[in-house]
Amino acid sequence: MTNQGTAQPHDLSANSSTRDWSWRYWPVVPLYPYGQRRTLCTEVIPNTIWTFDQIQGVLYVTVPIRMTVVRLAAGGLLVYAPVAPTPECIRMVRSLEAIHGAVKYIILPTVSGIEHKVFVGPFARQFSTAQVYVAPHQWSFPLNLPLSWLGLPLGRTHVLPADSSAAPFADEFDYAILGPIDLGLGPFEEVAFYHRASRSLLVTDSVVSVPEDPPAIVQLDPYPLLFHARDDVFERVIDSPEARRKGWQRISLFAFYFRPSAVETVPLGQAVRQARHAFDRSKRGYFGLFPFQWRPDWAGSFEALRGGGRPFVAPILQQLILNRAPRDTLAWVNRVSQWDFEQILPCHFASPIAATPPVFQRAFSFLQKTPPSDTLHYLPEADFELLKDLERGLLQRRLTPPPQDKV
């Protein structure tokens with residue numbers, strides 16, 4: 001297994017047909033890098049917790065997606081939020097099984113994150129003796145598929161009990177369910193797990209932290225970083241740590257805001273004309289199409305987003321999801337904050353995050369009417385413009401319920 005902290009950058013395009021990285025079900029959720037996914041394994045706590053990172057994205061906005069594996073005291077492994085079960089990934093897990101025992105439990109901790117749900121069935125089939133536990137209120141669109149499909153062969157898929165003490169792993173884990181929060185088409189729900197022995201909190205999407213430099217998994221193929229390091233379509237970017245950092249920070253802004261205030265879109269006709277003179281007119285470079293350009297003040301938005309590395313709630317959850325149920329969300333936050341954790345392992349961006357319960361609580365202060373002035377992680381209102389437009393459109397079409405008053 002590769003240690004993420006010491007992994008050396010590698011260009012994925014040089015081995016684009018490597019079977020070891022193959023993910024054949026990519027058309028179900030067609031996200032970059034499609035059918036070829038590298039995996040990096042990091043030992044977070046020796047002989048206790050490991051994370052498995054892959055990447056996913058759209059238009060080279062590539063961010064980590066992460067699975068966490070925990071060794072059980074009685075032997076065996078618990079898997080939280082599986083990633084794509086490529087041959088490389090499965091081989092890494094098998095190497096842990098050889099030392100610590102078989103995968104006993106596979107956890108799907110979300111109901112709305114299709115980028116997590118799509119991996120559970122294929123991953124579970126690789127570990128046919130494991131029990132599969134899923135967050136309640138699962139749904140799929142346009143058809144509600146049988147829940148048992150997440151854990152084929154039949155008879156081993158279970159809904160997580162409302163009371164975590166009723167779960168078969170209750171001697172080592174507590175968990176708390178956020179939701180269901182009604183979003184219209186389907187609910188939002190997430191299950192946070194607390195591993196008592198390591199004082200680690202496992203979450204899916206509820207909080208994140210953005211590193212200043214690109215994570216190792218993103219650097220295995222630097223092309224997306226360099227693509228977004230360009231200020232405009234004509235610039236030629238030379239690969240360097242500075243260029244990769246610049247590209248990563250802009251990718252982060254795209255990932256959280258979709259259209260941050262510091263980016264200006266280029267009209268399609270103009271973008272097509274400019275493509276004829278673009279530096280990169282390759283198929284991989286979208287034949288020179290680069291329909292946006294960055295204003296000089298973009299770095300300020302990133303610094304506000306990063307907030308010194310503190311955990312925060314992603315803007316889309318702030319604007320479109322958690323504000324639909326602020327009281328229930330804060331009740332969940334208070335429950336989670338009763339646990340004595342000292343680090344958080346999310347499924348995206350930085351991990352682990354050094355954080356205690358008070359730090360976790362402060363990330364949700366945007367739901368309070370009068371949050372403590374010295375603890376609120378402010379994000380620029382201008383960067384929320386597109387998200388607010390999306391919310392107005394959803395409300396006008398009555399596709400989502402309105403936000404509720406802050407608590």
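For the numbers below, each heavy atom of this structure counts, side chains included, while hydrogens, waters and symmetry mates do not.
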Determine whether the side chains of [X] and [Y] contain a donor N or O and an acceptor N or O closer than 3.5 Å.
{"X": "Q54", "Y": "T39", "value": "yes"}
{"X": "S165", "Y": "D163", "value": "yes"}
{"X": "N334", "Y": "Q361", "value": "yes"}

Check against side chain to side chain contact (heavy atoms under 4.5 Å, CB included), M92 and V69: CA-CA 11 Å; M92 290 176 175; V69 177; over 6 Å; no
[X] side chain to [Y] main-chain N or O, any donor-acceptor pair under 3.5 Å?
{"X": "R306", "Y": "S301", "value": "no"}
{"X": "Q343", "Y": "I353", "value": "no"}
{"X": "E172", "Y": "A73", "value": "yes"}
{"X": "R324", "Y": "P401", "value": "yes"}
{"X": "E342", "Y": "R199", "value": "no"}
{"X": "R250", "Y": "A229", "value": "yes"}
{"X": "Q36", "Y": "T18", "value": "yes"}
{"X": "R71", "Y": "N47", "value": "yes"}
{"X": "K104", "Y": "Q131", "value": "no"}
{"X": "E190", "Y": "S206", "value": "yes"}

Minimum heavy-atom distance between [X] and [Y], given as atom pair plus value:
{"X": "F258", "Y": "P260", "value": "C-CD, 3.8 Å"}
{"X": "L226", "Y": "A243", "value": "CD2-CB, 3.9 Å"}
{"X": "R37", "Y": "P33", "value": "CG-CG, 3.9 Å"}
{"X": "K406", "Y": "K369", "value": "O-CE, 2.9 Å"}
{"X": "P311", "Y": "A363", "value": "O-CB, 3.6 Å"}
{"X": "L330", "Y": "V407", "value": "CD1-CB, 3.8 Å"}

From L40, I65, T42, L96, residue fulfilling side chain to side chain contact (heavy atoms under 4.5 Å, CB included) relative to F52: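 The option that passes is L96.
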Decide yes or no for [X] and [Y]: does some side-chain heavy atom of the first lie under 4.5 Å from some side-chain heavy atom of the second?
{"X": "L185", "Y": "L399", "answer": "no"}
{"X": "R196", "Y": "D174", "answer": "yes"}
{"X": "P161", "Y": "Y175", "answer": "yes"}
{"X": "L253", "Y": "V263", "answer": "no"}
{"X": "W23", "Y": "F119", "answer": "yes"}
{"X": "W298", "Y": "Q249", "answer": "yes"}
{"X": "T400", "Y": "L395", "answer": "yes"}
{"X": "C89", "Y": "M67", "answer": "yes"}

Look at the rings of [X] and [Y] and say which category their plane angle falls in: under 30° parallel, 30 to 60° tilted, over 60° perpendicular.
{"X": "F173", "Y": "H195", "answer": "tilted"}
{"X": "F364", "Y": "W332", "answer": "perpendicular"}
{"X": "H100", "Y": "W50", "answer": "tilted"}

NZ or CZ of R230 within 45° of F290 ring axis and under 6.0 Å: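 Positive - R230 is close enough to the ring of F290 and near enough to its axis.
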Quick check on the 6.0 Å ring-centre criterion: do [X] and [Y] meet it?
{"X": "F254", "Y": "W294", "answer": "yes"}
{"X": "Y32", "Y": "Y223", "answer": "no"}
{"X": "F349", "Y": "F256", "answer": "yes"}

Side chain to side chain contact (heavy atoms under 4.5 Å, CB included) assessment of D389 paired with R259: CA-CA 11 Å; D389 287 344; R259 190 185 66 203; 3.8 Å; yes
Pairing of D20 and R91 as salt bridge, 4.0 angstrom limit: yes
Verdict with supporting geometry, S200 and I45, side chain to side chain contact (heavy atoms under 4.5 Å, CB included): CA-CA 10 Å; S200 299; I45 297 178; 4.1 Å; yes
Nearest 0.5 angstrom please: [X] [atom1] to [Y] [atom2], how far?
{"X": "I344", "Y": "L202", "atom1": "CD1", "atom2": "CG", "result": "10.5 Å"}
{"X": "T68", "Y": "I107", "atom1": "OG1", "atom2": "CD1", "result": "11.5 Å"}
{"X": "F188", "Y": "T110", "atom1": "CZ", "atom2": "OG1", "result": "6.0 Å"}
{"X": "S209", "Y": "R310", "atom1": "OG", "atom2": "CZ", "result": "10.0 Å"}
{"X": "Y257", "Y": "S252", "atom1": "OH", "atom2": "OG", "result": "10.5 Å"}
{"X": "I49", "Y": "E43", "atom1": "CD1", "atom2": "CD", "result": "10.5 Å"}

Check against ring-ring contact (aromatic ring centres under 6.0 Å, His included), Y133 and F193: CA-CA 12 Å; Y133 280 84; F193 267 58; 9.3 Å; no
Side chain to side chain contact (heavy atoms under 4.5 Å, CB included) between V132 and L108, worked out: CA-CA 8 Å; V132 181; L108 172 60; 5.7 Å; no
Within 6.0 Å of CZ in R327, more than 12 heavy atoms from elsewhere: no
Steps toward salt bridge (charged side-chain N to carboxylate O under 4.0 Å, His left out) verdict (R94, E97): CA-CA 5 Å; R94 295 290 187 203; E97 285 189 314; 2.9 Å; yes
K246: which of D231, D239, D213 passes salt bridge (Lys or Arg N to Asp or Glu O under 4.0 Å): D231
